[in-house]
Novice: 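Quick one: this structure, given as structure tokens, is what I'll be asking you about.
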Amino acid sequence: MTADLRTYLAHVELPNPILTASGCGGTGRELAQFSDVHRLGAFVTRSITMAPRAGRPTPRMAETPSGLLNAVGLQGPGVEAFLERELPWLAERGARTVVSIGGGTVTEYTALARRLAGVSGVTAVEVNLSCPNVEDRGRVFARDGSAAAEVVASVRAATPYDVPVIAKLSPDVADVVAVARACVDGGADALAMINTPVGMSIDVDSMRPALAAGTGGLSGPAVRPLAVRCVWQVHAALPGVPIVGMGGVTTGRDALELVLAGACAVAVGTALFHDPYACPRVLRELEELLQARGFDRLADVVGLAHRPAGAQPRTRTDLEESSL
Amino acid sequence: MTADLRTYLAHVELPNPILTASGCGGTGRELAQFSDVHRLGAFVTRSITMAPRAGRPTPRMAETPSGLLNAVGLQGPGVEAFLERELPWLAERGARTVVSIGGGTVTEYTALARRLAGVSGVTAVEVNLSCPNVEDRGRVFARDGSAAAEVVASVRAATPYDVPVIAKLSPDVADVVAVARACVDGGADALAMINTPVGMSIDVDSMRPALAAGTGGLSGPAVRPLAVRCVWQVHAALPGVPIVGMGGVTTGRDALELVLAGACAVAVGTALFHDPYACPRVLRELEELLQARGFDRLADVVGLAHRPAGAQPRTRTDLEESSL
Amino acid sequence: MSREDLVAGSPVQVTGTVLTTRRVDAYHALTVVAPGIADRFRPGHFVTVAVGGRNTSMLTRRAFTVHDVKPDYGGTVELVFGVRGAGTAWLADLRVRDTLDLVGPLGRPFPLPRDPCTCVLVGDEHGAAALFALGDALQQRGCRVDFVLGAPSADRVFGALRARRMGETTTLTTEDGSLGMRGRVTDVLPGVIADARADVVYACGPMETLRGVTAVSAEFGIPVQVAVEERMACGIGVCMTCVVPVIGDDGVTRMVRACADGPVFRGERVRFDDVGTIPFDALGAPGGRHA
Amino acid sequence: MSREDLVAGSPVQVTGTVLTTRRVDAYHALTVVAPGIADRFRPGHFVTVAVGGRNTSMLTRRAFTVHDVKPDYGGTVELVFGVRGAGTAWLADLRVRDTLDLVGPLGRPFPLPRDPCTCVLVGDEHGAAALFALGDALQQRGCRVDFVLGAPSADRVFGALRARRMGETTTLTTEDGSLGMRGRVTDVLPGVIADARADVVYACGPMETLRGVTAVSAEFGIPVQVAVEERMACGIGVCMTCVVPVIGDDGVTRMVRACADGPVFRGERVRFDDVGTIPFDALGAPGGRHA
Ligand SMILES: Cc1cc2nc3c(=O)[nH]c(=O)nc-3n(C[C@H](O)[C@H](O)[C@H](O)COP(=O)(O)OP(=O)(O)OC[C@H]3O[C@@H](n4cnc5c(N)ncnc54)[C@H](O)[C@@H]3O)c2cc1C
Ligand SMILES: Cc1cc2nc3c(=O)[nH]c(=O)nc-3n(C[C@H](O)[C@H](O)[C@H](O)COP(=O)(O)OP(=O)(O)OC[C@H]3O[C@@H](n4cnc5c(N)ncnc54)[C@H](O)[C@@H]3O)c2cc1C
Ligand SMILES: Cc1cc2nc3c(=O)[nH]c(=O)nc-3n(C[C@H](O)[C@H](O)[C@H](O)COP(=O)(O)O)c2cc1C
Ligand SMILES: Cc1cc2nc3c(=O)[nH]c(=O)nc-3n(C[C@H](O)[C@H](O)[C@H](O)COP(=O)(O)O)c2cc1C
Ligand code: FES
Ligand code: FES
């Protein structure tokens, strides 16, 4: 028996729930040295910007306990080069590609969405809201429900109806549910969480920040409890909205934790740096865990930890009727 | 040569910068089995409430990668029993005691401050702002600058002028500097950070949240990058305000990291659970690190990582003039 | 520190060398050189150990009953454990001459009867590990000792041989019937108490077992001492994560620490039905009585 | 995967057994059985290793040059490293028969000259480890090889003996004068190039050294290949943390990955003065040119 691992981002079906996390899978070519990109639920690109970006100076990384700080600064070749050299390669290999976009203004996000509109091979658009809003003194969009909603609404408007728009949220807020709700009200078809909270490390030998940029984004297992909490809270408040959960997933157990909290798909980021085979491995482990628990459909487990205390896990029978 | 490790919380001098973190040192008696409480810079009590509190059901703890989730729920005997049975014991042993207080309303915090006013043996009052505001649908005070400021102002007003009031902040906000500033404007003499961000863990075997309370506070080395970042940001914005840094300190290097970021005192929490001698050990290690770097005064290192890139560490001479 | 704080049982931290490792059916046994702990040990004490080595991602110490202490090398302690998660898996991989960081002895040991009497010692699964040092101490005071040991299956019944050597009688139970009587320790306990005309019961094991043992003892009207297990973040009484609802001498239920106020309690004082809740009438319960 | 992705150097992940461990002055050398990696190895390749064991708090792999490969046991690789932080300390504690998780071979190896010529190989500190497999390959092509090895002190000069055996000449430098000439490799390099009438220079070591070596080579108008070290989170080209400013064939400076586009670059293409910055004229620099 193999479990039915299909999942849906809005109406788009993915063969399995394991994605790469934005910015962690390169262009796809690097991972393809280790395993097929079309075996992924979807490949999520690093956040694409309008113009080429050189990113931040080095050092760009620092290791922290069970975590990684990075300040890459969205280095990339810009959307034109992406469409010319990267997306076609992914499409040829049959990968479903979620294109992450990043910008400094609503206009820039909108322009990116327009540029992607109608391009074949774009399975979904993920809006990286953790970019500084240059028109609001660099305040990150994701920290402000209305700014986030504005970006989402304009990207949604510029994107063909059959391409889902995923809003990617940050945990660095007082109320992640409020931002999630604003994004859904703004037209997000799905939500992704969590982007990296802002952290910092100081080198006690040089007595200076370990990263050239000072602060960086914290990822890896250290942040998993924050990710599980965000997914849990948002799924509780918006049970109908598909969630791509991520943050510190290194094993099938970690992925299952996010699924039980309410994620219908799970992205793997930092773990890829440690294990380039992490995606197929996590998928295999997740499938084994589901089977060991008597589930033959992923969909039946999404959000299952929310059932009232003492309630039995739903039986096969009522699961037949349930849908995502 | 021994380094001068004295530090100041406003005008109150502490012989050294190493404190216990609230809720992590019991009543002091338990730690005294291992080392003297009067050797601490100060002993910080668990958050004291007006009435006795039984706290949350068990399981109250779950381990996460390099972290610990807890949901103790401020279990304690209430302020009267604290004043009768716990504070006198600490005072007798010569411990400097920072009394942490927690409440559900501004009135409750004020009442606690009044009850502590004039009681001998209270070195400072720390206001745990990570309590749910029962008058604002359980929104945590620390997540809302004006609610936090209101609590701080009323505690400040009820507290004798010579007892500093420390506002303890949470990282679960979009802008920790804004909350810090609000607290200082409200009268806080010092700031403590970070309290535990809210996290969650799901047991993939029982397929239920690992904590009875569902969510819990995340502590330990996993959160240190968040703590360093908060201390850094707040020290940069409010360089004159003394900061008690905490979050994942397990060694003298970790303590130095927070000091370089801008903390003039450092609290040790979760590390005590692993090593009951953590406080004296961290202090000794910190002193050794300072000496190895040619510093003979802690004060000279506070915030040193903020010096402009390329600048030499200040020399002994200009340090003679600098003050905290 | 003033004299009064330096109580006899006051714990120490020791980095001990592993002297022996062995497998005992489903269990692993580790003997570690830890003089300061062995010296202070009383039956019922536990220790906590750091797991995972330097740079481990596992922050919390793991708690284990001290199975045995010996005077060799200035004092050794033996722990017996089953592999449950990553921490115990790491412990199971330790080799002779590796070092282990221990804190102990911790907790309040079993109270011993002043005068010789007949004691039934009940151990479910690894709970049995706590009973042999206790049995020794009881026998030294002239007590008669009877054992009841149980587990789901034969390989998880710990210490049957030693029990047979020490005990006046030894009754074994397994849920699958692979050793002794089919069933649980609580099924055979009434018979053992009656046959031995027991004066007191001691029990270690899962909460559910302790609840049953307490109920049986109550029926016979004899005192019972239980050693409970609750998830512990510190083991030394500072974190308040390990609480159980226990009725005090004043009749008031309090959430008390299994590590520092226990792990041994009088069975009838533990509100087993309410473990994992805050009983509405506990001191400080939400909406409950305030003292 | 399509054929074209299966390039010759394509890396694999291997859990290898440690065959030997030894100390070489200030360095540790580990030989690990890793057939798939040894097979594909070319001089200049590196591997990344997981450190800390199961449940480690150290997430990122550590990168090490492959010092040597041997055909024994289907293929072994040898790493040489100094203890720097927690990861290398853990590696230094590995014992024979422990296992090590490696990914490799990674990076672009040293380009070799088509025709026999004279090559100066410069190694500063552990950088020297990369040079011996390279020297072998060069000699197999009939090249003359001269070594310049340096370090702050004698115990940190790696491979002097082997260099003396292999090289036409070997010049050693130490900053404290404890071995060879007092000074740095760049101090003696002009003399070595001139004496050997060198056609090409290969260099491994800290950025500062590579900068100096590149400057010297430029003065002589001969090509130089440098292997750079930048902090790496992945080693396989996906994370973009390891970038250095490098001038492309089109004259445009790009922030390129040391792991996947390097670690070997033509020295004059690396903007050493701008390492640790984003040069204002780099592609995509803030306010800079956009292609
Ligand atoms: C006072 C006391 C004495 C004990 N004596 C023994 C003994 O002699 N032999 C034995 O095999 N086991 C004993 N246990 C249980 C033992 O502590 C757990 O099996 C062990 O902590 C599991 O660790 P792990 O990393 O393998 O499992 P995990 O489930 O991965 O542990 C995760 C976390 O949960 C905690 N935890 C998990 N199970 C328990 C538990 N049952 N009790 C307390 N904390 C737990 C761990 O400490 C850790 O923090 C005792 C527990 C207590 C409280
Ligand atoms: C391509 C390449 C080849 C290398 N070859 C060798 C070699 O043959 N012998 C040798 O001794 N060392 C070599 N190094 C350096 C080696 O990777 C570091 O010494 C090692 O990562 C330090 O790990 P640590 O945990 O001991 O130190 P820590 O300072 O605790 O490491 C913390 C983090 O910083 C990273 N880091 C620290 N220093 C370096 C560095 N110099 N380069 C890259 N990442 C670093 C680590 O990977 C880790 O993520 C090489 C580095 C690179 C990039
Ligand atoms: C090196 C690095 C680069 C990243 N780049 C991006 C990015 O371009 N866009 C984005 O939305 N998230 C980016 N992220 C965040 C990840 O997509 C993910 O949200 C986060 O790392 C948490 O998942 P993890 O713990 O599995 O890595 C990046 C993370 C890392 C570590
Ligand atoms: C078990 C536990 C109980 C805590 N109780 C309190 C408390 O009562 N009041 C408070 O302000 N902070 C409390 N904290 C938070 C700590 O004081 C500290 O801010 C946090 O744990 C981060 O530091 P650490 O990583 O060193 O533990 C508690 C933390 C833990 C782990
Ligand atoms: S385990 Fe910390 S108080 Fe009991
Ligand atoms: S180390 Fe990740 S791209 Fe080079």
Side-chain angles (χ1 to χ4, degrees), chain B residues 20 23-38 46 49-78 80-81 92-93 210-212 219-222 248 250 269-277, chain C residues 1-2 4-7 9-13 48 50-51 55-62 85-87 101 103 106 230-245 252-260 274-286 288-291:
Chain B
T20 54
C24 301
T27 63
R29 284 180 169 90
E30 300 83 2
L31 287 185
Q33 296 181 294
F34 299 93
S35 62
D36 291 353
V37 284
H38 80 259
R46 59 187 171 336
T49 52
M50 279 308 280
R53 278 174 67 105
R56 300 296 218 134
T58 54
R60 288 180 172 183
M61 65 80 82
E63 197 180 59
T64 67
S66 298
L68 175 72
L69 283 169
N70 89 83
V72 168
L74 301 191
Q75 177 173 347
E80 294 307 331
E92 271 167 37
R93 266 141 202 88
L211 299 178
S219 65
T250 65
T270 305
L272 289 168
F273 306 165
H274 192 267
D275 175 8
Y277 304 96
Chain C
M1 206 183 325
S2 71
E4 78 194 65
D5 298 325
L6 284 168
V7 287
S10 121
V12 292
Q13 188 267 330
T48 59
V51 292
N55 306 110
T56 177
S57 65
M58 296 185 277
L59 285 191
T60 57
R61 290 175 164 271
R62 271 51 175 172
D101 165 355
V103 169
L106 296 167
E230 188 44 89
R231 295 196 154 230
M232 294 182 174
C234 78
I236 60 169
V238 296
C239 77
M240 306 302 286
T241 59
C242 63
V243 296
V244 278
V252 177
T253 296
R254 292 183 181 78
M255 301 307 294
V256 308
R257 297 163 304 180
C259 68
D274 298 320
V275 165
T277 74
I278 303 295
F280 76 96
D281 57 345
L283 178 67
R289 55 190 285 179
H290 292 171

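Here is how names work: the chains are called A, B, and so on, in the same order as the sequence lines, proteins then strands, and each is numbered from 1.
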Novice: Specify which of C:T48, C:V275, C:V238, C:T60 makes the most heavy-atom pairs with chain B at under 4.5 Å.
Specialist: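 With the most close heavy-atom pairs to chain B, the winner is C:V238.
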
Novice: What's the shortest heavy-atom distance between C:A285 and B:A54, and which atoms?
Specialist: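 Answer, listing the atom of C:A285 first, then B:A54: N-CB, 3.7 Å.
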
Novice: Ignoring hydrogens, what is the shortest heavy-atom contact between C:C239 and B:F273? Give both atom names and the distance.
Specialist: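 C:C239 and B:F273 have their closest heavy atoms at CB-CZ, 3.4 Å.
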
Novice: Can you tell if the side chain of B:T58 reaches within under 4.5 Å of the side chain of C:T241, non-hydrogen atoms only?
Specialist: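 No. Closest side-chain heavy atoms not under 4.5 Å.
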
Novice: Without swapping roles, check the side chain of B:Q75 against the backbone of C:M255 for a donor-acceptor pair under 3.5 Å.
Specialist: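 Yes, because the side chain of B:Q75 sits within donor-acceptor range (under 3.5 Å) of the backbone of C:M255.
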
Novice: Using atom types as modelled and distance alone, determine if a side-chain donor or acceptor of C:R61 lies under 3.5 Å from a backbone N or O of B:H274.
Specialist: yes

Novice: Is C:R62 salt-bridged to B:E63, cutoff N-O under 4.0 Å?
Specialist: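 A salt bridge is present here (some side-chain N lies under 4.0 Å from a carboxylate O).
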
Novice: I need the residue from B:G25, B:G73, B:P59 with the largest number of non-hydrogen atom pairs under 4.5 Å to chain C.
Specialist: B:G25

Novice: What part of B:T20 lies closer than 4.5 angstrom to a heavy atom of chain C: side chain, backbone, both or neither?
Specialist: neither

Novice: Rounded to the nearest 0.5 Å, how far apart are CD of C:Q13 and CG of B:D275?
Specialist: 6.0 Å

Novice: Rounded at 0.5 Å granularity, tell me how far SG in C:C234 sits from CG in B:L68.
Specialist: 10.0 Å

Novice: Side chain, backbone, both or neither: which part of C:A50 has a heavy atom under 4.5 Å from chain B?
Specialist: both

Novice: For chain B, which candidate among C:D274, C:V244, C:V243, C:I236 shows the most heavy-atom pairs at distances under 4.5 Å?
Specialist: C:V243

Novice: Sort C:R257 into side chain, backbone, both or neither according to what part of it lies under 4.5 angstrom from a heavy atom of chain B.
Specialist: side chain

Novice: Locate the shortest heavy-atom distance separating C:A233 from B:M61; write the atom from each residue and the value.
Specialist: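 Closest approach of C:A233 to B:M61: CA-CE, 3.7 Å.
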
Novice: To the nearest 0.5 Å, what is the distance between CD on B:Q33 and CG on C:L106?
Specialist: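 So the CD of B:Q33 and the CG of C:L106 are separated by 8.0 Å.
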
Novice: Looking at B:Y277 and C:V12, what are the two nearest heavy atoms and their distance?
Specialist: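 For B:Y277 and C:V12, the tightest heavy-atom pair comes out as OH-CA, 3.9 Å.
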
Novice: Do any N or O atoms from the side chain of B:R60 and from the backbone of C:M240 form a donor-acceptor pair under 3.5 angstrom?
Specialist: yes

Novice: If I compare all heavy atoms of B:P57 with all of C:G276, which pair ends up nearest, and what's the gap?
Specialist: CB-O, 3.3 Å

